[in-house]
Amino acid sequence: MSDSILAATGVSKSYTRAIISSVHLQDRILKWRLQRKRVTVHALQNTSLAVKKGEWIGIYGHNGSGKTTLLRLLAGLLHPDTGSIERHGSLSCFFELGIGFHPDRKAEENIYIHGLLQGYSPKEIRKMTQEILAFAGVDDFLDLPIKCYSTGMRMRLAYAAAAQVDRDIYLLDEVLTVGDEAFQEQCRMHLQSLKENGKTAILVSHTKGELEAVCDRILFMDHGRVVSEERMWDGVPVPVTV
């Protein structure tokens, strides 16, 4: 995997959860020592992935198949129990409503903090702020903290902040469902421009057709493993051996 810009080798991740099988509050308080059980969930099992520079990979699977766990491991937000991750480029990530955004801060304040965490100078952040706000379409709500935004508005702002950052690799979780249809089309056009400019990306989605429209390969996950793969040839998905 030495020619890869991003790679995972034999990566596994498990979670252990405590379960108290009781209905009433008093049972939870009085009998927790007897009733508490622990269940281990294997979110990812011995998974390997290699992404070349300029390649676009889609990850598809049902809820709980390990898609988001794999993406977070690649981003460095989680540490694998076993295996290793190699990164040979700078990253920009979009997860859920924007990890790291503070609900009590205004949009411009969150963009500023996000920019600092990405390593930008205050001057560079000021320059990109207007582009991010215009892309997200939240100019009329700049006096409000983002906890007052609708879910769609917060997602648009989070995607705009992640996508407008100039990075080598983009890790995008369900970005193709952000906002309304008009904003989704805006996202598709922006993703296409990133691809044309030679950027690398991994996209997670529940919609296979959306992945086929932009990705070079699609990995299918089930129970924490990559079980199959398709490559796109002239817009047609072709199964390959994993």
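Each residue takes its place number in the sequence, starting with 1.
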Exactly one of Lys67, Arg225, Lys208 should register a side chain to side chain contact (heavy atoms under 4.5 Å, CB included) with Phe220. Which one does?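 Exactly one pass, corresponding to Lys208.
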Which one of Thr200, Leu70, Val204, Leu71 satisfies the side chain to side chain contact (heavy atoms under 4.5 Å, CB included) criterion with Leu171?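 Going through Thr200, Leu70, Val204, Leu71 one by one, the side chain to side chain contact (heavy atoms under 4.5 Å, CB included) with Leu171 is satisfied by Leu71 alone.
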With sequence neighbours left out, what residues match Asp222 under salt bridge (charged side-chain N to carboxylate O under 4.0 Å, His left out)?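 Partners of Asp222 under the salt bridge (charged side-chain N to carboxylate O under 4.0 Å, His left out) test: none.
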Residues in side-chain hydrogen bond (donor to acceptor under 3.5 Å, both in side chains) contact with Glu109, at least two apart in sequence or another chain: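 None.
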For Tyr60 and His206, I'd like to know if the aromatic rings sit close, meaning centre-to-centre distance below 6.0 Å.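 Not close enough - the centres of the two rings lie 6.0 Å or further apart.
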Flag the pair Tyr159 / Tyr170 as yes when their ring centroid distance falls below 6.0 Å, and as no otherwise.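 When the ring centroids of Tyr159 and Tyr170 are compared, they turn out to be at least 6.0 Å apart.
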So for atom [atom1], which belongs to [X], do other residues, nucleotides or ligands contribute more than 12 heavy atoms lying within a distance under 6.0 Å?
X	atom1	answer
His62	NE2	yes
Lys195	NZ	yes
Arg105	CZ	no

Are the side chain of [X] and the backbone N or O of [Y] linked by a donor-acceptor pair below 3.5 Å?
X	Y	value
Glu210	Ser205	no
Thr82	Val11	no
Asp173	Phe94	no

Go through Arg156 and Val138 one step at a time and tell me if the side-chain contact (heavy atoms from CB on, under 4.5 Å) criterion holds. CA-CA 9 Å; Arg156 295 202 311 267; Val138 295; 4.1 Å; yes
According to side-chain hydrogen bond (donor to acceptor under 3.5 Å, both in side chains), does anything in residues 123-144 pair up with another residue at least two apart or in another chain? List the pairs. Ser121-Glu124
